[in-house]
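This report refers to the structure that appears directly beneath it.
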Amino acid sequence: MAQVFSIGQMGTQSVGLKIAGQWKPSDAAHVDMQARLLPRTNEEYERCKQMGLPDPKQALTHDQLVNAEDCLFVATGITNNMLISGIRQNNNKFITKSIIIHGKDKKLRYVETEHFCK
């Protein structure tokens with residue numbers, strides 16, 4: 001089953017590194033990525049504990065952020081950059097470009113989507 005993350009930028013970068021294969025446990029002495037959750041309410045704090053985090057305020061390591069090969073990295077361009085084009089407008093539609101990388105099969109997919117305006 002794929003893991004879904006809402007950790008933010010660190011979670012996204014961690015998934016990207018895992019998929020790209022740039023980080024391996026043998027590199028731990030040289031490179032590591034950590035993140036910390038910031039639960040805003042007591043309900044969010046308790047949800048973290050129910051999901052298996054005994055201390056939701058602890059620093060999470062790369063393997064705790066992404067502990068499976070069955071993960072996705074998805075990015076949609078907002079502004080133009082070296083990796084992907086930003087949003088374009090063409091008459092009554094906006095066009096976005098996204099990349100999707102699946103961790104298990106290591107395939108890179110490009111998706112172009114047309115969003116029609118009324």
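Throughout, residue positions are numbered sequentially from 1 according to the sequence presented.
- Within the 4.5 Å cutoff, the side chain of H115 has heavy atoms near those of the T96 side chain.
- For D55, the side-chain contact (heavy atoms from CB on, under 4.5 Å) partners are Y45, K57, Q58, not counting sequence neighbours.
- You'll find the side chain of P56 reaches within 4.5 Å of the side chain of K49, heavy atoms only.
- Summarising the geometry, atom CZ belonging to R47 is positioned 14.0 Å from atom CG belonging to N42; distances are rounded to the nearest 0.5 Å.
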Per-pair distances, 0.1 Å, donor-acceptor, side chain in residues 74-86, under 3.5 Å, sequence neighbours excluded:
| residue | atom | partner | partner atom | Å |
| --- | --- | --- | --- | --- |
| T76 | OG1 | S98 | OG | 2.6 |
| N80 | OD1 | G86 | N | 2.6 |
| N81 | OD1 | L83 | N | 2.8 |
| N81 | OD1 | I84 | N | 2.9 |
| N81 | ND2 | T79 | O | 3.2 |
| N81 | ND2 | I84 | O | 3.4 |

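- Annotation: side chain of I99 is in contact with side chain of F73 (closest heavy-atom distance under 4.5 Å).
- Panel note: side chain E44, backbone R40; a donor-acceptor pair is recorded below 3.5 Å.
- E112 contributes atom CD, which lies 5.0 Å from atom NZ of K97 (distance to the nearest 0.5 angstrom).
- Note: the hydrophobic cluster containing I101 also contains Y110 (ILVMFWY, side chain heavy atoms under 4.5 Å, direct or indirect links).
- In terms of the side-chain contact (heavy atoms from CB on, under 4.5 Å) criterion, residue partners of K93 (sequence neighbours excluded) are, by chain and number, N90, I95, E114, F116.
- The line from CZ of R109 to CG of L72 is 8.5 Å long, rounded to the nearest 0.5 Å.
- At least one side-chain heavy atom of K106 sits less than 4.5 Å from a side-chain heavy atom of E69.
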